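See structure below.
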There are 2 protein chains.
Amino acid sequence: MRPTTKTSAAILVRPRIYLGKGLAIGPGKIDLLRTVAELKSIAAAARKLSIPYKRAWVLIDSLNQGFGKPVVETTSGGKGGGGASLTTLGQQLVEKYDALERRLNAQAAEELAAVRALTD
Amino acid sequence: MRPTTKTSAAILVRPRIYLGKGLAIGPGKIDLLRTVAELKSIAAAARKLSIPYKRAWVLIDSLNQGFGKPVVETTSGGKGGGGASLTTLGQQLVEKYDALERRLNAQAAEELAAVRALTD
DNA sequence: GAGCGTTATGTCTCAACAGACCTAACGAAA
DNA sequence: TTTCGTTAGGTCTGTTGAGACATAACGCTC
């Protein structure tokens, strides 16, 4: 229709992947994991994302429980009060999800544009 | 937590597409539209999907409002009490969404498997 | 040992949402 | 004119979830 403008930033696919029963992973948890990895602290990540610590902890706990193996390792007490970091499983999870999300948006750009065209 | 079987089809991508603010479309609404098209009645579709008529109507109304143009056309009174059917916009919406969903699951199979492998 | 910041929970409240129930309007058919 | 099944809502309630708050445990540092 309009070949000139290609700035379609208002549309995007946010994949939520369902693994097994009750366990799901979406953009929210991935962002949280990424921030925890960056700041090495659940509390700091929660502050940065403007969510209550409790919620951040619940989300991470649900991942740890759901995967059977921990996605985030924590230590309490000690220098700075403690901290948190991603396990290799957690790192892989973020990496794989990013790859999936990137591919989804790239490969499906055509169909996305088709849906978007309907909103005009 | 048992591994169950190896051939677990329990993983899939359910895309929810965000168009503009407040307007989103996901598998639920698409299924509803499909059923309305099939049965030519909102009430009948709601019964088949085991959801209250009110909810079905609210979902459809949100689509009609969100798109600015109606996605479902209705008539009240008359033979059989009335009925409903998809507009061409509604039909296109279902078609485009189906194409997107199919492509997503096909093209991203590799990355999906990678994520799934982490759950073992 | 006291202080500190973090992890780890429990509990309470409030808003949002889903579902249930109810009523009105409509128009063809009987 | 009455009946009937549908569309089109309004309203109430139970449930769920998020957020706010409180508290304990932990282990370095001072």
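Please read these numbers as outputs of a predicted model, since none were measured by experiment. The figures that follow rest on heavy atoms only: side chains count, while hydrogens, waters and symmetry mates do not.
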Checklist outcome for this item: The nucleotide from D/dG19, D/dG9, D/dT6 with an atom nearest the side chain of B/Trp57 is D/dG9
Checklist outcome for this item: note: B/Ile42, atom CD1; C/dA25, atom C1'; distance rounded to Å ~ 15 Å
Item to check | Rounded interatomic separation in angstrom, taking OH from A/Tyr53 and C1' from D/dA24 | outcome: 12 Å
Next on the checklist: I need the CZ-P distance between A/Arg55 and D/dC21, as an integer number of Å.
Outcome noted: 18 Å
Checklist entry - Nearest of D/dA20, C/dC26, C/dA8 to any side-chain atom of B/Ser76? => result C/dC26
Item to check | B/Thr75 side-chain N/O to D/dT6 phosphate OP1/OP2 under 4.0 Å | outcome: no
Checklist entry - Distance check: side-chain N/O of B/Thr74 vs OP1/OP2 of D/dT6, anything under 4.0 Å? => result no
Next on the checklist: Test of understanding: clusters of I, L, V, M, F, W, Y form through side-chain heavy atoms closer than 4.5 Å, transitively. Do B/Leu23 and B/Ile25 belong to the same one?
Outcome noted: yes
Item to check | Donor-acceptor pair (no angle test) under 3.5 Å: B/Lys54 side chain, D/dG10 base | outcome: yes
Next on the checklist: Expressed as a whole number of angstroms, how long is the span from A/Ile60:CD1 to C/dT9:P?
Outcome noted: 13 Å
Item to check | Nucleotide C/dG5, atom P - distance to CG of A/Leu39 in whole Å | outcome: 17 Å
Next on the checklist: Measure CG/B/Leu59 against C1'/D/dT7 and give the value in whole Å, please.
Outcome noted: 16 Å
Checklist entry - Taking C-beta and beyond as the side chain, do B/Leu100 and B/Ile17 meet within less than 4.5 Å on heavy atoms? => result yes
Next on the checklist: From the set D/dT7, C/dT7, D/dG19, return the single nucleotide nearest to any side-chain atom of B/Ala84.
Outcome noted: D/dT7
Item to check | Inter-residue atom distance B/Ile30.CD1 - B/Leu59.CG, 0.5 Å rounding | outcome: 11.5 Å
Checklist entry - Hey, which of these two, A/Ile51 or A/Gly78, hits DNA chain D nearer its 5' end, going by closest nucleotide? => result A/Ile51
Checklist outcome for this item: Walking DNA chain C from its 5' end, the first of A/Asp61 and A/Gly82 to be reached, judged by nearest nucleotide, is A/Gly82
Checklist entry - Roughly how far, to the nearest 0.5 Å, is CG of A/Leu49 from OG1 of A/Thr35? => result 4.0 Å
Checklist entry - For C/dT6, does either OP1 or OP2 sit under 4.0 Å from a side-chain N or O belonging to A/Arg47? => result yes
Checklist outcome for this item: Of the candidates C/dT6, D/dG19, D/dT7, the side chain of A/Ala43 sits closest to C/dT6
Checklist entry - Which atoms form the tightest heavy-atom contact between A/Tyr97 and B/Val115, and what is the distance? => result N-CG2, 4.4 Å
Checklist entry - Can you check the B/Leu49 CG to C/dA18 P distance for me, whole Å? => result 15 Å
